[in-house]
2 protein chains.
Amino acid sequence: MKHSHTIGEAAAASGVSAKMIRHYEKIGLIEAADRTDAGYRLYTPADIHTLRFVRRARNLGFSVDDISELLDLWKDSARASKDVRRVADGHLSALRSKAAEIHSMIDALEHLFENCTNDERPDCPILKDLADDANPARAKDVGHKFGFERVC
Amino acid sequence: MKHSHTIGEAAAASGVSAKMIRHYEKIGLIEAADRTDAGYRLYTPADIHTLRFVRRARNLGFSVDDISELLDLWKDSARASKDVRRVADGHLSALRSKAAEIHSMIDALEHLFENCTNDERPDCPILKDLADDANPARAKDVGHKFGFERVC
DNA sequence: GATAGGGCTTCCCATCATTGGAAGGTCAAG
DNA sequence: CTTGACCTTCCAATGATGGGAAGCCCTATC
């Protein structure tokens, strides 16, 4: 084949490590590459194009399953924008949930910090709260995500 | 021992699953529990207190390593608030970075969505961008975290 | 007292994406 | 021909959790 590259070149050109390229091949995300007589994998510019697609989607946090679906849509010239939107929208929702979750943690920690004196006194409110056993009976406060209803 | 509980009771009272309690014991996060003659683990209220501490710290996203350190500080009555702050502050920084990263992804995806028509036309800009190979030479744009400098 | 059920035990495997290493084959330049 | 950089495969580990199998233990009911 013309313009074929080794896995190292494909890795450098695509931004996906050689290790991960082999991995993606093994799990079936990308097709098995052609080989030289010696068994070296060979990559065409089109393959590298695909790898760049994969890297960009990974950088956006898409799961391998998502990317597999996106690749199918990408290769299918008849695919509709709304199918892509469906995948991307699901991912966007997951990202927003994750962001909310992280902000809850940040808020809780910042709240504790406000009362933390940063001095040598051993009555740190952060530990105090984590250890707070004042009401051990309500062990099943599952509704309160971070067990912080009694804090501060 | 008085007031000893089975692992199931400890799990219900602490909010940590029995599976995870055994796991935490195996990896050394908590001490090995006493056993009955039959080999059942026994947990005192103090043990359950510790488990609640662990659960709360996990809910705040602390890693097992962080929690291990927090537990040491907790048990050491001479520990200083600033040591706890150090651990918690490191964790808070990591959370803020993670939040920023996620918001970058969300912004990038939302930006693409603005131009996505959600109709049957196959020229979806989301795929188009992921596939964009207009400038394949700059494969090492590591500085641009999401490979999005050319988008939209 | 036998039996059924549920809880307990250990051990192994799976997830998810990625990285590391070991042991060995191949290629190009010096 | 040697050296060193590259390639190959396979195996293992990460971190936190879950699932399941095989088997033991305890209690309640018949």
Side-chain angles (χ1 to χ4, degrees), chain A residues 4-30 32-43 47 51 53-71 90-91 94-95 98 101-102 105 142 146, chain B residues 4-30 32-43 47 51 53-71 90-91 94-95 98 101-102 105 142 146:
Chain A
S4 282
H5 305 272
T6 65
I7 199 171
E9 290 163 352
S14 68
V16 181
S17 72
K19 223 47 168 165
M20 289 311 296
I21 295 175
R22 294 191 195 99
H23 177 65
Y24 288 151
E25 179 182 308
K26 194 171 57 178
I27 66 175
L29 180 62
I30 59 178
D34 288 336
R35 305 290 186 114
T36 66
D37 292 344
Y40 284 21
R41 287 175 178 81
L42 288 177
Y43 295 89
D47 293 331
L51 287 170
F53 181 105
V54 170
R55 177 181 61 83
R56 290 177 182 176
R58 286 289 311 136
N59 282 344
L60 281 175
F62 284 96
S63 72
V64 167
D65 281 352
D66 283 343
I67 296 174
S68 183
E69 197 169 353
L70 288 173
L71 277 176
H91 178 49
L95 282 177
K98 193 74 189 166
E101 201 176 322
I102 288 178
M105 297 185 208
V142 193
F146 300 120
Chain B
S4 282
H5 304 273
T6 64
I7 197 171
E9 290 163 353
S14 68
V16 182
S17 72
K19 217 55 162 164
M20 289 311 296
I21 295 176
R22 294 191 195 99
H23 177 65
Y24 289 151
E25 180 181 308
K26 193 172 58 179
I27 66 176
L29 179 62
I30 59 179
D34 289 335
R35 304 292 185 114
T36 65
D37 292 342
Y40 283 23
R41 287 174 179 82
L42 287 177
Y43 295 89
D47 292 332
L51 287 170
F53 182 104
V54 170
R55 178 182 61 85
R56 289 177 183 178
R58 286 290 312 137
N59 282 344
L60 281 174
F62 284 96
S63 71
V64 167
D65 281 352
D66 282 343
I67 297 174
S68 183
E69 197 169 353
L70 288 173
L71 278 175
H91 178 50
L95 282 176
K98 193 73 189 166
E101 201 177 323
I102 287 179
M105 297 184 208
V142 195
F146 299 120

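Order of the sequence lines fixes the chain letters, A, B, ..., with proteins taken first and strands second; residue numbering starts at 1 for each chain. In this text the structure is predicted, and so the values were computed from the model without any measurement.
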Enquirer: To the nearest 0.5 Å, how far apart are OH in B:Tyr24 and CG in B:Leu51?
Expert: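 So the OH of B:Tyr24 and the CG of B:Leu51 are separated by 9.0 Å.
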Enquirer: Answer yes or no: does a side-chain N or O of A:Arg22 lie under 4.0 Å from OP1 or OP2 of C:dT19?
Expert: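 So the side chain of A:Arg22 is outside the cut-off, no N or O lying under 4.0 Å from OP1 or OP2 of C:dT19.
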Enquirer: Is the backbone N or O of A:Asp66 less than 3.5 Å from a side-chain atom of A:Glu69, with the two atoms forming a donor-acceptor pair by type?
Expert: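 Such a contact is absent between A:Glu69 side chain and A:Asp66 backbone.
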Enquirer: Could you state the atom-to-atom distance from CD of B:Glu25 to C1' of C:dC11 in whole Å?
Expert: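 In whole Å, C:dC11 C1' and B:Glu25 CD are 15 Å from each other.
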Enquirer: Starting at atom CD1 of B:Ile21, determine the distance to atom C1' of C:dT10, rounded to an integer number of angstrom.
Expert: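 To the nearest whole Å, that distance equals 16 Å.
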Enquirer: Starting from C1' on D:dT8, measure out to OH on A:Tyr43 and report it in whole angstrom.
Expert: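 Computing the A:Tyr43:OH to D:dT8:C1' distance gives 12 Å.
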Enquirer: So, is A:Arg41 near the phosphate of D:dT9, with a side-chain N or O under 4.0 Å from OP1 or OP2?
Expert: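 Yes, A:Arg41 has a side-chain N/O under 4.0 Å of OP1/OP2 on D:dT9.
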Enquirer: So how far is it from B:Ser4 OG to B:Arg41 CZ, rounded to the nearest 0.5 Å?
Expert: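 One finds 14.0 Å between OG of B:Ser4 and CZ of B:Arg41.
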Enquirer: Just how far, in rounded Å, is C1' of C:dG6 from CD1 of B:Ile7?
Expert: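 After rounding, the reported distance stands at 15 Å.
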Enquirer: Got a second to check how far B:Met20's CE is from B:Glu25's CD, nearest 0.5 Å?
Expert: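 CD of B:Glu25 is found 12.5 Å from CE of B:Met20.
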Enquirer: How about B:Arg55 and B:Arg58: do any of their side-chain heavy atoms sit closer than 4.5 Å?
Expert: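 Side-chain contact under 4.5 Å: no.
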Enquirer: May I ask you to test the A:Ile21-A:Ile30 pair for a side-chain heavy-atom distance under 4.5 Å?
Expert: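 Result yes, sub-4.5 Å side-chain heavy-atom pair found.
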Enquirer: At under 4.0 Å between heavy atoms, what does A:Thr36 touch on the DNA or RNA strands: base, sugar-phosphate, or nothing?
Expert: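 Result for A:Thr36 = nothing.
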Enquirer: For B:Thr6 and C:dC8, is the shortest distance between a side-chain N/O and OP1 or OP2 below 4.0 Å?
Expert: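 Answer is yes, contact under 4.0 Å.
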Enquirer: Quick one: A:Ile67 CD1 to C:dT18 P, roughly how many Å, whole number?
Expert: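 Computing the A:Ile67:CD1 to C:dT18:P distance gives 8 Å.
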Enquirer: Rounding to a whole Å, what distance do you find between B:Asp37:CG and C:dC8:P?
Expert: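 Distance, rounded to whole Å: 17 Å.
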Enquirer: Give me the atom names and distance for the closest heavy-atom approach of B:Phe62 to B:His91.
Expert: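 So the two residues come closest at N-NE2, 3.5 Å.
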Enquirer: Going 5' to 3' through nucleotides 12-23 of chain D, assign each nucleotide B (protein heavy atom under 4.0 Å from a base atom), S (under 4.0 Å only from sugar-phosphate atoms) or - (no protein heavy atom that close).
Expert: ----SBSBB---
Enquirer: What is the distance, rounded to the nearest whole Å, between atom CD of B:Glu9 and atom C1' of D:dC26?
Expert: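 One finds 13 Å between C1' of D:dC26 and CD of B:Glu9, rounded.
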Enquirer: Output the rounded distance in Å from CG (A:Leu42) to C1' (C:dT26).
Expert: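 To the nearest whole Å, that distance equals 13 Å.
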